[in-house]
Amino acid sequence: MKSHKLEDPFDISSLLFQSNEDDANATTRSCYYVGPVTITNTAAVSGRGLIATRDIAAGECLFVTPATVFARVETVYPRWVSRNSQPGTLEEISEQVLIEEMKSLISNKDEQATVGSFMTLMGASASNTTSLSIAQLLGRGSDEATTSFTINDISDNELLQIIRRNAFGPDFVTYLSIEQRWLDHNTYIPRRLLGLFPFAAMINHSCVPNAVRVFAGDTMIAHACDSIKTGQEIVWSYLPPTQPYPQRHATLRHQHGFVCQCRRCTNEAEFWNTPPASLSILTRDSWVRLCNRTLDDVCVQEARSATIRILEDVLQAKDITNETKHFIRVGFAEIYISYLNYALQLTKSVEVDHLDHLLQRICMPLHLSMAACNNASTEHLSILHVCYDLIGTIHSATKERHLTVNKLRFWTAQVQKACMVRYGNLGNDIESVRKAMQHTRAVLRNKDGFAQSTHGFI
Ligand SMILES: [Zn+2]
């Protein structure tokens, strides 16, 4: 744990800050920004939520907030190492450390505004939102605002409930994959494990998000990933929205306690209630297996190829609307990414026609689907990354290169646009786009295929 050899692939500190890590943390820790958003108690999903106070363009920053309280990696890691004598998963240990951090703040008279920020979450139900203020949620409330809480007798279990309902964990990485990396490389230090961001906890879920979050250490940065109208609710996805409907449905129901009624789920439910015979033979376990990219043996890869072929056949059906096609296809992004990498590995020499076929028939519809309902997720950037590499290779290998120049320009523009949406102004600068592309390579876990390319074209 002493040296810091591996970057946390989901942390964008290095993209945002040129200075060394300590300076970057010092800068972000005190950084607050609240853009054109405000709290409402008339949100569609659960009463409380965030809405836009003016029209917002895709890519605009919505807010920046440091964690009010978080579980430090330096505290969690030693306990995880000695877990044999003190049983517990990484998730349980992180929760325990966060509870201790919260209790230490509660007992500190100077930290009552911070305490107020996360205690507010206890009463932040649909029926009790009138007292919520942004200042309170950011831990900057006045002393009077916090005196209404009775915090002397709060139990560990009540704190755990606040954490389970509101805290942000490693997000799009799992605790399991961090544990695996710790076993493989004991030098890996994730910059973030578990923290409370009470203001961000106000945002409701949708599988067609209009906002995305990225992290720089323990600071959360939220961007609009779609245009948002005045008064429209800000929504983001609690889980990777690139999962298929059955998996999203089960996770949201069991881990978050609700059945998602977003327009994507409503739309997809019709399809999945009576799926075509070719898809209905797949059990929930087989979907989980197909989506698990750590499984990459030939059998699973062949099954993915077969599934993509079946899926593309099904999506040709005339009675499925374009919107439904987009929604379904995005739900299989994980399988598509694995399939593309596998297909690329099988291409022994550069076969321009084969690569062009992949780009036109598989990648282009997938990109359009991602743009239609899940713009600029990490997976979308990864898919664009594959497309960009594909067209770059085709461009280099073809004899009449002028024929591919426009296509190369098209994919370069798509990559820049997606970086702009996800990282705001960062996408303006070509050097930053290149860095962002390197950043998203992490999602392409496979060691071979085009994940190894060198971005020679931007
Ligand atoms: Zn949904």
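Remember, it's 1-based here, ligands and their atoms both numbered in the order they're listed.
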Seminar exercise, completed: Shell check on the Zn ion (ligand 1): protein N, O or S atoms less than 2.8 Å away are Cys207 SG, Cys260 SG, Cys262 SG, Cys265 SG
Exercise. If you draw a 6.0 Å radius around CZ in Arg54, do more than 12 non-hydrogen atoms from other residues or ligands fall strictly inside?
Worked result: yes
Problem set entry | For Asp313, side chain to side chain donor-acceptor pair (under 3.5 Å) partners two or more places apart | none
For this session: Under the salt bridge (charged side-chain N to carboxylate O under 4.0 Å, His left out) rule, collect the residues that match up with Glu312, sequence neighbours excluded.
Result: Arg329
Exercise. Taking the side chain from Lys325 and the backbone from Leu315, do they hold a donor-acceptor pair closer than 3.5 Å?
Worked result: yes
Problem set entry | side chain to side chain donor-acceptor pair (under 3.5 Å) contacts in which one or both residues fall within residues 255-268, not counting sequence neighbours | Arg248-Glu268, Arg263-Glu323, Arg264-Glu268, Asn267-Glu323, Asn267-Thr324, Glu268-Trp272
For this session: Assert yes or no for the condition that the ring centre distance of Phe215 to Phe197 is strictly below 6.0 Å.
Result: yes
